[in-house]
Novice: 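Questions regarding the structure given below will be posed in turn.
The model shown is predicted, which means the values in this text are computed figures rather than measured ones.
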Amino acid sequence: MSKEQIILGIDPGTTIMGFGLIKVVNKKMSLIQLNELDLKKYDDHYLKLKLIFERTIELIETHHPDEIAIEAPFFGKNVQSMLKLGRAQGVAMAAGLSREIPITEYAPKKIKMAITGNGNASKEQVAKMLQSMLGIKTLPKNLDSMDGLGAAVCHFYNQGRVEIGKSYTGWSAFVKQNEKRVKK
């Protein structure tokens with residue numbers, strides 16, 4: 001009997017949200033979908049967040065992923081950009097949590113390390129390695145979808161390891177693991 005698993009990987013963003021879905025059967029990966037949600041044409045930040053939530057729910061309802069892997073925001077100097085990125089990640093996470101799908105966050109360096117063996121690899125190097133691994137004919141113009149796919153593949157490679165990042169199975173687990181962030 002073969003065990004099938006579907007992993008949704010998300011690279012959150014308020015300009016472009018990249019995502020990739022893989023199917024794992026007997027520890028062998030195959031690509032289901034690779035795409036992005038282009039939000040550049042929208043000016044309203046709250047509309048962008050709504051669209052991220054709705055697209056994530058749509059992906060969940062269409063593909064029924066067993067788990068979600070999401071790229072954690074990196075720390076930058078622009079506080080406003082970090083805030084927007086954190087909101088995009090939070091909305092995508094909320095969509096998964098609302099459907100009680102386990103979510104694991106991965107730092108960009110961890111994803112790069114899992115895919116290429118080098119935590120400082122470029123986006124292009126990661127994309128080329130994923131292209132080779134999964135038999136993707138042509139790379140997309142924007143590499144955000146490859147970043148989302150990278151999160152899914154990283155999650156596949158890190159399953160069963162003791163320390164794979166923060167993982168949440170629902171709202172109560174999220175709150176319990178983040179008690180310092182909860183206002184009382």
Novice: Please report the shortest heavy-atom distance between A151 and G9, naming the atom on each side.
Specialist: CB-CA, 4.2 Å
Novice: Run the side chain to side chain contact (heavy atoms under 4.5 Å, CB included) check on L130 and L31 step by step: do they pass?
Specialist: CA-CA 10 Å; L130 288 168; L31 178 67; over 6 Å; no
Novice: For residues 37-46, pull every pair meeting salt bridge (charged side-chain N to carboxylate O under 4.0 Å, His left out), keeping only residues two or more places apart or in separate chains.
Specialist: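 Sorted result for residues 37-46: D38-K40.
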Novice: Looking at every non-hydrogen atom in both residues, tell me the closest pair between A114 and N158 and how far apart they are.
Specialist: CB-ND2, 4.1 Å
Novice: Counting only pairs under 3.5 Å, give me each side-chain donor-acceptor contact of residues 131-145, with atom names and distances, residues two or more places apart or in other chains.
Specialist:
unit_1, atom_1, unit_2, atom_2, d
Q131, NE2, I136, O, 3.2
Q131, NE2, K137, O, 3.2
N142, ND2, E36, OE2, 2.9

Novice: Going by the salt bridge (charged side-chain N to carboxylate O under 4.0 Å, His left out) test, which pairs reach into residues 112-124, not counting sequence neighbours?
Specialist: K123-D147
Novice: Just one of L51, L47, I16, L49 clears the side chain to side chain contact (heavy atoms under 4.5 Å, CB included) bar with L39, so which one?
Specialist: L51
Novice: Check residues 81-91 and write down every donor-acceptor pair under 3.5 Å in which the side-chain atom is one partner and the other belongs to a residue at least two apart or another chain.
Specialist:
unit_1, atom_1, unit_2, atom_2, d
S81, OG, N78, ND2, 3.4
Q89, NE2, E105, OE1, 3.0

Novice: Quick one: list whatever passes side chain to side chain contact (heavy atoms under 4.5 Å, CB included) with K23, sequence neighbours left out.
Specialist: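 Side chain to side chain contact (heavy atoms under 4.5 Å, CB included) check on K23 returns E4, I6, V25, S30, I32.
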Novice: Indicate yes or no: at least one non-hydrogen side-chain atom of E61 is less than 4.5 angstrom from one of R99.
Specialist: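 In short, these two side chains touch, coming nearer than 4.5 Å.
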Novice: State the CG-CD1 distance between L8 and I70, to the nearest 0.5 angstrom.
Specialist: 8.5 Å
Novice: Do the side chains of V24 and I115 join up, straight or via other hydrophobic residues, at under 4.5 Å, putting them in one cluster?
Specialist: yes
Novice: Is there a side-chain contact between Y106 and M113, using heavy atoms and a 4.5 Å cut-off?
Specialist: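 Heavy-atom side-chain distance check fails, nothing below 4.5 Å.
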Novice: Who pairs with Q33 by side chain to side chain contact (heavy atoms under 4.5 Å, CB included), at least two apart in sequence or on another chain?
Specialist: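 Counting only residues at least two positions away or on another chain, Q33 forms a side chain to side chain contact (heavy atoms under 4.5 Å, CB included) with F19, L21, N35, R55, L59, H63.
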Novice: Does the side chain of I101 reach to within under 4.5 Å of the side chain of P65, using non-hydrogen atoms?
Specialist: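 Sidechains of P65 and I101: in contact.
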